[in-house]
There are 2 protein chains.
Amino acid sequence: MKILIVDDEKDILEFLSYNLQKEGFEIFTASNGSTALKIAKKEVPNLIILDVMMPEMDGIETCEKIREIEALDSTLILFLTARSEEYSELAGFSAGADDYVTKPIKPKLLISRVNALLRRSQSKKAQSFIEIEELKIDKDKHLLLHKGQVVDLARKEFNLLYYLMTVPAKVFTREEIISNVWKDTFVGDRTIDVHIRKIREKIGDKYIKTIKGVGYKFDV
Amino acid sequence: MKILIVDDEKDILEFLSYNLQKEGFEIFTASNGSTALKIAKKEVPNLIILDVMMPEMDGIETCEKIREIEALDSTLILFLTARSEEYSELAGFSAGADDYVTKPIKPKLLISRVNALLRRSQSKKAQSFIEIEELKIDKDKHLLLHKGQVVDLARKEFNLLYYLMTVPAKVFTREEIISNVWKDTFVGDRTIDVHIRKIREKIGDKYIKTIKGVGYKFDV
DNA sequence: CTGTATGTTAAAAAATTGTTAACTTTTAAT
DNA sequence: ATTAAAAGTTAACAATTTTTTAACATACAG
């Protein structure tokens with residue numbers, strides 16, 4: 001794994017190089033934005049650690065330039081910021097950063113963040129919504145759209161439908177449904193049926209199918 | 001751009017004033033921490049350059065006091081340190097500094113760092129407001145406009161609304177809200193409800209939606 | 001047909017949120 | 001430093017919605 005570290009302060013470059021090299025990463029360094037761009041183009045690192053604060057071309061600007069280079073499309077960018085800013089305010093994210101660490105840098109924390117980032121990039125980023133035919137269900141927004149119309153579902157109804165939709169066409173037994181949607185509370189079988197009915201009332205009968213003697217499945 | 005320079009040595013004050021004035025900044029000076037606080041409160045400078053080593057109230061202490069003043073929330077602080085300290089040990093960052101420069105001061109370096117800092121704060125400012133339909137909320141100005149009219153929100157109300165608006169349509173759980181708006185103080189669920197109610201009183205019911213069993217979301 | 005599984009309904013029970021007012025803390029002004 | 005005003009928090013309870021159950025109806029496989 002190649003990591004490019006960009007900072008105008010030699011102390012920090014050495015400090016980070018030392019700590020990351022110890023972890024077995026291949027380290028490149030640059031002390032300003034334009035050098036960083038050159039090295040990045042040549043080496044195509046997996047991760048670039050960028051100091052936000054640099055004279056001339058600062059981290060944000062460098063980040064934006066990097067994001068314009070197609071070859072560096074899957075390169076991760078981690079920012080070093082001086083003071084902890086609120087996540088949602090951090091300008092770096094809009095410039096295309098993937099994570100940030102605040103100074104003063106604790107080597108252990110940095111290393112775990114670097115590893116987490118690289119691990120995460122291996123697996124695809126999970127989408128928060130599932131879209132099947134005329135139905136779109138979004139867990140983050142807790143929103144169900146049916147033919148573009150918002151459908152109001154209570155929490156259990158929502159969770160149940162979402163669960164069925166996670167694996168379309170698979171039949172879920174009531175047992176599976178209870179242990180996944182209700183977790184550790186016990187409910188009778190009829191309870192599930194009632195919820196299914198309420199969902200059907202709201203989105204129509206065609207989506208949820210009953211497999212007699214087995215359970216329910218979401219299917220189109 | 002207003003810059004407040006704080007140092008107990010007159011020579012340095014003059015030296016820095018001269019160099020920064022030449023760059024077109026509006027300069028204020030103070031020779032000790034308590035004077036600095038008074039001037040800072042009155043002038044609300046964009047940047048404060050603080051000498052770490054001062055008799056009585058030192059730079060670190062002054063910095064902490066400044067950080068407690070809400071009006072100076074977006075004021076940047078740059079430290080002057082006498083000798084290069086081990087980077088990871090620099091106490092200034094934990095006190096809320098944004099950057100530091102080591103003595104002896106090279107005017108060119110200082111100016112480029114000052115410019116980099118101010119540029120950063122500008123780009124932060126550029127994305128400090130969110131506008132959705134008839135609502136415009138500006139974090140820096142702590143200002144909410146509803147149909148072009150100013151709406152007075154208390155601080156917590158403001159922060160809560162701003163937080164919800166950062167990701168429109170996403171449902172935030174009370175847990176998320178508490179850890180982001182209240183940070184590390186514990187409050188009961190009812191407290192959030194009360195704040196939500198007060199916001200609704202001021203901007204109407206249509207914007208903040210309750211997702212029963214989940215949380216609240218901002219949606220149009 | 002018959003027995004079992006599922007559908008349906010309404011009502012009870014439980015959970016969640018809304019609201020008010022009292023109280024505490026913070027902030028700003030003197 | 002004192003004090004008044006504003007902001008923030010909480011408890012108590014009301015209102016609302018969700019969830020569950022029980023009872024009974026219906027469907028369907030064999």
Side-chain angles (χ1 to χ4, degrees), chain A residues 142 144 151-164 171-178 180-217, chain B residues 34 37-38 40-42 44 65-73 142 144 151-164 171-178 180-217:
Chain A
H142 197 273
L144 173 68
V151 179
D152 267 330
L153 292 183
R155 180 171 42 152
K156 280 270 153 60
E157 291 162 24
F158 188 90
N159 291 344
L160 173 49
L161 177 60
Y162 187 84
Y163 179 59
L164 294 180
V171 183
F172 291 94
T173 63
R174 287 192 175 69
E175 207 182 342
E176 283 179 294
I177 291 172
I178 289 173
N180 279 283
V181 178
W182 271 262
K183 311 279 174 188
D184 47 345
T185 54
F186 273 128
V187 289
D189 282 359
R190 228 55 28 246
T191 300
I192 293 166
D193 299 354
V194 170
H195 280 93
I196 291 283
R197 188 185 161 272
K198 284 184 180 161
I199 296 169
R200 283 176 171 159
E201 235 171 33
K202 290 171 182 172
I203 66 172
D205 288 347
K206 66 181 259 199
Y207 296 107
I208 299 176
K209 279 158 193 153
T210 305
I211 309 302
K212 209 164 173 168
V214 190
Y216 295 100
K217 69 172 178 180
Chain B
S34 45
L37 279 171
K38 270 181 213 155
K41 273 186 204 170
K42 193 169 165 238
V44 189
K65 290 249 166 67
I66 290 168
R67 280 287 171 249
E68 284 166 14
I69 300 168
E70 191 148 7
L72 301 177
D73 200 40
H142 197 275
L144 173 68
V151 178
D152 267 329
L153 290 184
R155 184 154 40 104
K156 279 270 153 58
E157 292 162 23
F158 187 92
N159 292 344
L160 173 49
L161 178 60
Y162 186 83
Y163 179 59
L164 293 180
V171 183
F172 292 93
T173 64
R174 288 191 175 70
E175 207 181 344
E176 283 179 294
I177 291 171
I178 290 172
N180 279 282
V181 178
W182 271 262
K183 310 277 175 189
D184 47 345
T185 54
F186 272 128
V187 288
D189 283 359
R190 237 39 45 240
T191 300
I192 293 168
D193 300 354
V194 171
H195 280 93
I196 291 283
R197 183 180 165 274
K198 286 182 179 162
I199 297 170
R200 282 176 172 157
E201 240 170 29
K202 291 171 182 174
I203 66 172
D205 288 347
K206 65 180 259 202
Y207 296 107
I208 298 177
K209 286 172 186 138
T210 305
I211 309 301
K212 222 166 167 165
V214 189
Y216 294 101
K217 70 174 175 181

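Quantities reported herein were computed from a predicted structural model and do not represent experimental measurements. Every chain is numbered from 1, with letters handed out A, B, ... down the list of sequences.
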Test log, rule side chain to side chain contact (heavy atoms under 4.5 Å, CB included), inputs Leu153(A) and Leu160(A): CA-CA 10 Å; Leu153(A) 292 183; Leu160(A) 173 49; over 6 Å; no
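- Taking for each of Ile211(A) and Arg155(A) the nucleotide of DNA chain C with the nearest heavy atom, the 5'-most of the two is the partner of Ile211(A).
- Distance NZ (Lys183(A)) to P (dA15(C)): 18 Å, rounded to an integer number of Å.
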Base-contact (B) and sugar-phosphate-only (S) positions in nucleotides 20-25 of chain C, heavy-atom cut-off under 4.0 Å, - elsewhere: B-----
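- Across Val171(A) and Glu176(A), no two heavy atoms sit closer than the pair O-OE1, 3.8 Å.
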Criterion side chain to side chain contact (heavy atoms under 4.5 Å, CB included) on Tyr162(A) and Leu144(A), from CA distance to verdict: CA-CA 9 Å; Tyr162(A) 187 84; Leu144(A) 173 68; over 6 Å; no
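- With sequence neighbours excluded, no residue forms a salt bridge (charged side-chain N to carboxylate O under 4.0 Å, His left out) with Glu175(B).
- Think of the region where chain A sits on DNA chain D: with heavy atoms and a 4.0 Å cut, that region ends 5' and 3' at dT18(D) to dC28(D).
- The two residues Lys156(B) and Val181(B) have their closest heavy-atom pair at CE-O, 4.1 Å.
- What you find for Ile178(A) and Thr185(A) is that their closest heavy atoms are CG2-O, 4.0 Å.
- Heavy atoms of Lys198(B) sit under 4.0 angstrom from at least one base atom.
- One end of the helix from dC1(C)-dG30(D) to dT30(C)-dA1(D) points its axis 40° away from the other end's axis, with each axis taken from 5 pairs and the angle rounded to 10°.
- For the salt bridge (charged side-chain N to carboxylate O under 4.0 Å, His left out) test, no residue two or more places apart in sequence or in another chain qualifies with Arg200(A).
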Residues Ile177(B), Trp182(B); criterion side chain to side chain contact (heavy atoms under 4.5 Å, CB included); working and verdict: CA-CA 7 Å; Ile177(B) 291 171; Trp182(B) 271 262; 3.9 Å; yes
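- Between dT6(C) and Arg174(A), a contact under 4.0 Å exists linking OP1 or OP2 to a side-chain N or O.
- The residue among Lys212(A) and Thr191(A) whose nearest nucleotide of DNA chain D lies closer to the 5′ end is Thr191(A).
- Rounded to whole Å, atom P of dT19(C) lies 13 Å from atom CD1 of Ile199(B).
- Look at NE2 on His195(A): it is 16 Å from P on dT9(C), rounded to the nearest Å.
- Lys41(B) pairs by the salt bridge (charged side-chain N to carboxylate O under 4.0 Å, His left out) definition with nothing, not counting sequence neighbours.
- Distance NZ (Lys209(B)) to P (dG18(C)): 14 Å, rounded to an integer number of Å.
- In this structure a side-chain-to-backbone donor-acceptor pair under 3.5 Å is missing from Lys217(B) to Ile211(B).
- For an aromatic pair to be called close, the ring centres must be under 6.0 Å apart, and Tyr216(B) with Phe172(B) fails this.
- Atoms CZ (Phe186(A)) and C1' (dA14(C)) sit 19 Å apart, rounded to a whole Å.
- As a whole-Å value, the separation of Trp182(A) CH2 from dA14(C) C1' is 15 Å.
- Close to dG7(C), at under 4.0 Å from its OP1 or OP2, lies a side-chain N or O of Tyr216(A).
- Lys38(B) places none of its side-chain heavy atoms less than 4.5 Å from the side chain of Lys42(B).
- Regarding contacts with the backbone of dT16(C), every side-chain N or O of Thr210(B) stays at 4.0 angstrom or more from both OP1 and OP2.
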